[in-house]
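What follows is one structure encoded as structure tokens, with my remarks underneath.
The chains referred to below are lettered A, B, ... by the order of the sequence lines, with proteins before strands, and numbering in each begins at 1. What you see below is based on every heavy atom in this structure, not just the backbone, and it leaves out hydrogens, waters and symmetry mates.
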There are 2 protein chains.
Amino acid sequence: MAMPQIAVRRHDCHGCPLHALCIDEAPAGAALPVQRQPCLAQRSLRLSAGEHLFRVADDTARQLYVIRAGDIKLYQHGRDGGQHIVEFLGPGAWLGLESLFQPQHTAAAVALSACEVVVVPYPWLTALLDRQPRSAEAFAQMLSATVARHQRHAAMLRHTTALQRIAQFLLQRLELAGAAQGDATPAAPRASLPMSRQDIADYLALTASTVSRWLSVLRRRGWLVSGQRGVTLPAPAMLRRLAAGEVPAEPD
Amino acid sequence: MAMPQIAVRRHDCHGCPLHALCIDEAPAGAALPVQRQPCLAQRSLRLSAGEHLFRVADDTARQLYVIRAGDIKLYQHGRDGGQHIVEFLGPGAWLGLESLFQPQHTAAAVALSACEVVVVPYPWLTALLDRQPRSAEAFAQMLSATVARHQRHAAMLRHTTALQRIAQFLLQRLELAGAAQGDATPAAPRASLPMSRQDIADYLALTASTVSRWLSVLRRRGWLVSGQRGVTLPAPAMLRRLAAGEVPAEPD
DNA sequence: CGAACTGTTGACCGAGCTCAAAGCAAGTGG
DNA sequence: CCACTTGCTTTGAGCTCGGTCAACAGTTCG
């Protein structure tokens, strides 16, 4: 059985998160340029659940990270010992943007589950950015999207009730799961919650008690099935109405 | 009186906010390179108080802005009609970072006082970034600082009481005023408040009532003198203690 | 099986919001 | 110069949402 021999492996980096940044430079069958090397020579790192990737005030080691698999939470310390979760990050997300080209990290990152992260040294990044104009644009766009995302999250934390925040959070997790599946199952209302209730609370500026309370209410009403680290949402439409504040949020 | 004739005006752009980005390429008496041109050929814009620089969903026009003089507030619309102030920006600050290389603005910017802003078209920026490696780094650093700043602000809005937020805000305005004066008057405890009480409230995720109430308390206690658009803080040390939550925040 | 941890639920309480009224400053027109 | 308007600020009274504290249930791991 003579299989056709492939002249150039088109995409070793097809599933690579750097893809979006480095694909532009090789429009079609062009020879793989030098810059493509990072995609091939990736150095990756494995973390088990609970292990820190970096902590606050750690040296940045002049590198950042891209999550290939697993979930990571990015957090800061609140005055009172409680922690303030900046973001939950999944596969494809970049880590270390908040301290780019700066000596120390201003946040900490810890694995929620077993993770694989790709290491991206600054030199690789700058080389890419300098040699290839459009990549600088793409990277700037990603940074600005991060700014915009944080602005939206900050906005959500004001003028919204606990229930609204929880509903929005669930929807966010839901469409995140949907995007990962490539919309293959658009009607599968399953969302993963790899983080603890306390983590959810710290993300939404609530207490674990309150999160638990409202989740119970949703469960009692049938808007949410099952309870622990995964959840199915049979009525996303209703959740959307809750998130928008169209329902007065009765306790029971 | 024969004044010595200056051979080359060293820095036409000395007071220019782009300075930090473009100074590196001309270490010393080097001839002014082409890239320096933007500094000289700046197109600037004047706004009177209350005038919008851009609104949400406006076209970005592929340009961003740097404030040369005046104060601008950057805000988004909250669901309930109230507005959520992202940041107050003064001279030297960049505007439009949250929608960089994207078609539409995700926030609105309005002048609080008479302003002068410098227009920076994307092409200038990309030209600068592409030609000069260190500028890309500086720019990325600024973007990442913006991310970090928003993270800190979001962190402040949790686990802090109304009084703490107000104290922190006043201190922030104070050191901002100090920085503008180049620390010429380090002991001059004067801060400008070019925004309304409602704006302060929207920035701190409070109500105008609450802001007014606590400012009154501070005034009654003598930690704060005068009231309207400017304010003097005779006891910054006490404010710092309040901001840190070391004082139980008694109403009176 | 017990220990330690996470999640759930209840009772109470307080910080800040809502609603409302009055005080003040700046502008307008007679 | 003053009556009138308009918008911002201040202040009061009551109420509500979510936090605090605490007890209990369920899970994981030795």
Quiz prompt | Distance, rounded to the nearest Å, where A:R158 contributes CZ and C:dC17 contributes P | solution = 12 Å
Exercise. Measure the NE2-CG distance between B:H105 and B:L53 for me, rounded to the nearest 0.5 Å.
Key: 7.0 Å
Quiz item: Hey, does the side chain of B:T207 come within less than 4.0 Å of C:dC17's phosphate (OP1/OP2), counting only N and O?
Solution: yes
Self-check item: salt bridge (charged side-chain N to carboxylate O under 4.0 Å, His left out) partners of residues 103-114 of chain B, not counting sequence neighbours, each pair once
Solution: none
Quiz item: In whole angstroms, how far is the P atom of C:dT8 from the CZ atom of A:R197?
Solution: 4 Å
Please tabulate, for the side chains in residues 200-211 of chain A, all donor-acceptor contacts under 3.5 angstrom to protein atoms that are two or more places apart in sequence or on a different chain.
unit_1 : atom_1 : unit_2 : atom_2 : d
A:D202 : OD1    : A:Q198 : NE2    : 3.1
A:Y203 : OH     : A:Q172 : NE2    : 3.3
A:T207 : OG1    : A:T210 : OG1    : 3.2

What nitrogen or oxygen pairs link the protein and nucleotides 9-13 of chain C at under 3.5 Å?
unit_1 : atom_1 : unit_2 : atom_2 : d
C:dT9  : OP2    : A:S216 : OG     : 2.1
C:dG10 : N7     : A:R213 : NH1    : 3.0
C:dG10 : O6     : A:R213 : NH2    : 3.4

Quiz item: Can you list the residues that meet the side chain to side chain donor-acceptor pair (under 3.5 Å) rule with A:E51, with sequence neighbours excluded?
Solution: A:S48
Quiz item: Given atom CG of B:L218 and atom P of D:dT11, what is their separation to the nearest angstrom?
Solution: 12 Å
Quiz prompt | Distance test, side-chain N/O of A:S196 to OP1/OP2 of C:dT6, below 4.0 Å | solution = no
Quiz prompt | Whole angstrom value for the distance that separates P of D:dT10 from CH2 of B:W214 | solution = 15 Å
Self-check item: A:S144: side chain to side chain donor-acceptor pair (under 3.5 Å) partners, not counting sequence neighbours
Solution: none
Quiz item: Roughly, in whole Å, what's the span from CD in B:Q164 to P in C:dA15?
Solution: 12 Å
Quiz prompt | Whether A:Y122 and A:F101 hold their rings parallel, tilted or perpendicular, with breakpoints at 30° and 60° | solution = tilted
Quiz item: Which part of the nucleic acid, if any, lies within reach of A:A201 when heavy atoms closer than 4.0 Å are counted: base, sugar-phosphate only, or nothing?
Solution: nothing
Quiz prompt | salt bridge (charged side-chain N to carboxylate O under 4.0 Å, His left out) contacts touching residues 94-120 of chain A (sequence neighbours left out) | solution = A:R46-A:E116, A:R68-A:E116
Practice problem: Could I get the full list of side chain to side chain donor-acceptor pair (under 3.5 Å) partners for A:T160, not counting sequence neighbours? | Solution: A:R165
Exercise. List for me each residue that meets side chain to side chain donor-acceptor pair (under 3.5 Å) alongside B:T60, sequence neighbours excluded, and say none if there are none.
Key: none
Quiz item: Starting at CG of B:L215 and ending at P of C:dC24, how long is that distance when rounded to a whole Å?
Solution: 18 Å
Exercise. Using five pairs at either end of the helix from C:dC1-D:dG30 to C:dG30-D:dC1, determine the angle between the two local helix axes and round it to 10 degrees.
Key: 30°
Quiz prompt | Atom-to-atom span, CG of B:L163 to C1' of C:dG16 - whole angstrom | solution = 13 Å
Quiz item: Just how far, in rounded Å, is C1' of C:dG7 from CD1 of A:I166?
Solution: 14 Å
